[in-house]
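The sequence lines fix the lettering, A, B, ..., with proteins before strands; numbering per chain opens at 1. On a predicted model such as this, the values are computed, not experimentally measured, just so you know.
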2 protein chains.
Amino acid sequence: MLDRQVEAPPSLAMSGVLTQLSGYLAAAALPEDGRLPPERELAELLGVKRTELRRSLAVLEREGQLWRQVGKGTFVGPRPPQLLDIADLAERSNPLQVMRARIGLEPELARLAAINATAMEIATLAELNAACRAAATWREYEAYDARFHHQIAEAAHNPILLALLETLNAVRRAVTWGRPRPSHLRPPADHHSFADHERIVDAIAHREAAAAADGMRRHLQNVEDRLIGRQP
Amino acid sequence: MLDRQVEAPPSLAMSGVLTQLSGYLAAAALPEDGRLPPERELAELLGVKRTELRRSLAVLEREGQLWRQVGKGTFVGPRPPQLLDIADLAERSNPLQVMRARIGLEPELARLAAINATAMEIATLAELNAACRAAATWREYEAYDARFHHQIAEAAHNPILLALLETLNAVRRAVTWGRPRPSHLRPPADHHSFADHERIVDAIAHREAAAAADGMRRHLQNVEDRLIGRQP
DNA sequence: ACTGCAACCATTCGAGAATTGGTTGCGCCA
DNA sequence: TGGCGCAACCAATTCTCGAATGGTTGCAGT
């Protein structure tokens, strides 16, 4: 992170402008978002040239009292966290980190599903697991598997967690996944996920929250182990 | 959910158009996103009037074979999940659900922080906890508390979970929170969070992943209990 | 009274202009 | 000749307006 010094460093002579600017910030009625007038206007308002004003703004920015962005403007206060550029997020992540995120989220979803799921949602879950078993190809299996996990998230009846999982899935689809499975083969009949899913559905159906969460945690841990190659 | 019947119900006489449309869907080369020509074009292509075509489209939409949106177009396949309208999400959520989401996310973050945190990050955590203790008002306390939790998320070194937590926090800021605390008072010296935070920092500093996750879980559980009013 | 049709409506997208913070190069003054 | 300010220019963002598109309504014809 080399801090390219493109503008002249602040000199001592400009402190007058800085205090003038601080005075303006204290006096002026800023809009809700803390945006202050564009540099060209503000310079004229304060009776200074733009270059001079920019030096003071640079100081305040380094102090963290305001932040600026090209095309947007200058704002007082801390820079708001940028949320969710999925493409960028996918680039900076790897499949293992995605699994960690799933392990963080989905057990809690299973727990809530055990508490809140309706009878119809539980029935759908059982059907989806059966469909996983009957899948003729890996691709088809994965489609049903995705719907299985999504159904649990819906059954949790927590819109926030549901939205977070959907975001996570969007990232998941975007990260370059390790080895694609051969598309012509079908999952083996003793694939661990079948039993895993079974346990989870049972726990939810019997309203055993802790068991549902634990089942989901173990299931995802199994998936992660395969992903790492611990049991390929 | 009353299904306002704005258009005429499908009659039996239109099955001809429906099969014609199905034939087109099978034969035509659709673009990657499954979008098919606008209704006006498609009607002319099939030699049908728009009204008639729309009746068939309505049938297929009800069957889930395609979805339509004003200004966008008509697409084959299931409707993609809309992700993350934070304002809308905040409306459909309540503080309790936010807490549930935090309980799902943050213990895992604490666990990963215990594994991945750098010495500097751990030191910052300790400083933030001290700042919480020294806060002169509830408002100041909450600012440091937020930074404390954010710092743990950063120390986890998992960009996905970090982004999810930031999203969650955006929702948290947007939901109408219960009773605001009196802004002139300061948190009592024996506020449970101080000890909670202490335990979490210790666990992370000693690289005890399970203890860190458990500490965070208990901490948030305490917060939720206060929120409900179980121990006000 | 029912049906079909064309005009109209609300929403979305896209191209291009306008805005705004960031940078460069020319010229003025010492 | 060197340092400094100024205006023009650059790139990122937002604004604006028109076209496109699915949804609705009112009118005419039978």
Starting from the 5' end of DNA chain D, give me the residue, A:G71 or B:G71, whose nearest nucleotide shows up first.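 Comparing both residues, the 5'-ward one is A:G71.
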Pick the nucleotide of DNA chain D nearest each of A:R35 and B:R35; which residue has the one closer to the 5' end?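 It is A:R35 whose nearest nucleotide is closer to the 5' end.
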Ignoring hydrogens and geometry, is there a side-chain-to-backbone donor-acceptor pair from [X] to [Y] under 3.5 Å?
X	Y	answer
A:N116	A:H157	no
B:N169	B:R172	no
A:E121	A:T118	yes

Distance below 4.0 Å between [X] side-chain N/O and [N] OP1 or OP2:
X	N	result
A:Q69	D:dA12	no
A:R50	C:dG21	no
A:R54	C:dG22	yes
A:T74	C:dG21	yes
B:K72	C:dT11	no
B:R68	D:dT21	no

Say whether B:D145 and B:H197, considering side chains only, have a donor N or O and an acceptor N or O under 3.5 Å apart.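 Yes.
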Hey, is the side chain of A:R40 pairing donor to acceptor with the base of C:dG21 inside 3.5 Å?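 It does, because a donor-acceptor pair links the side chain of A:R40 to the base of C:dG21 below 3.5 Å.
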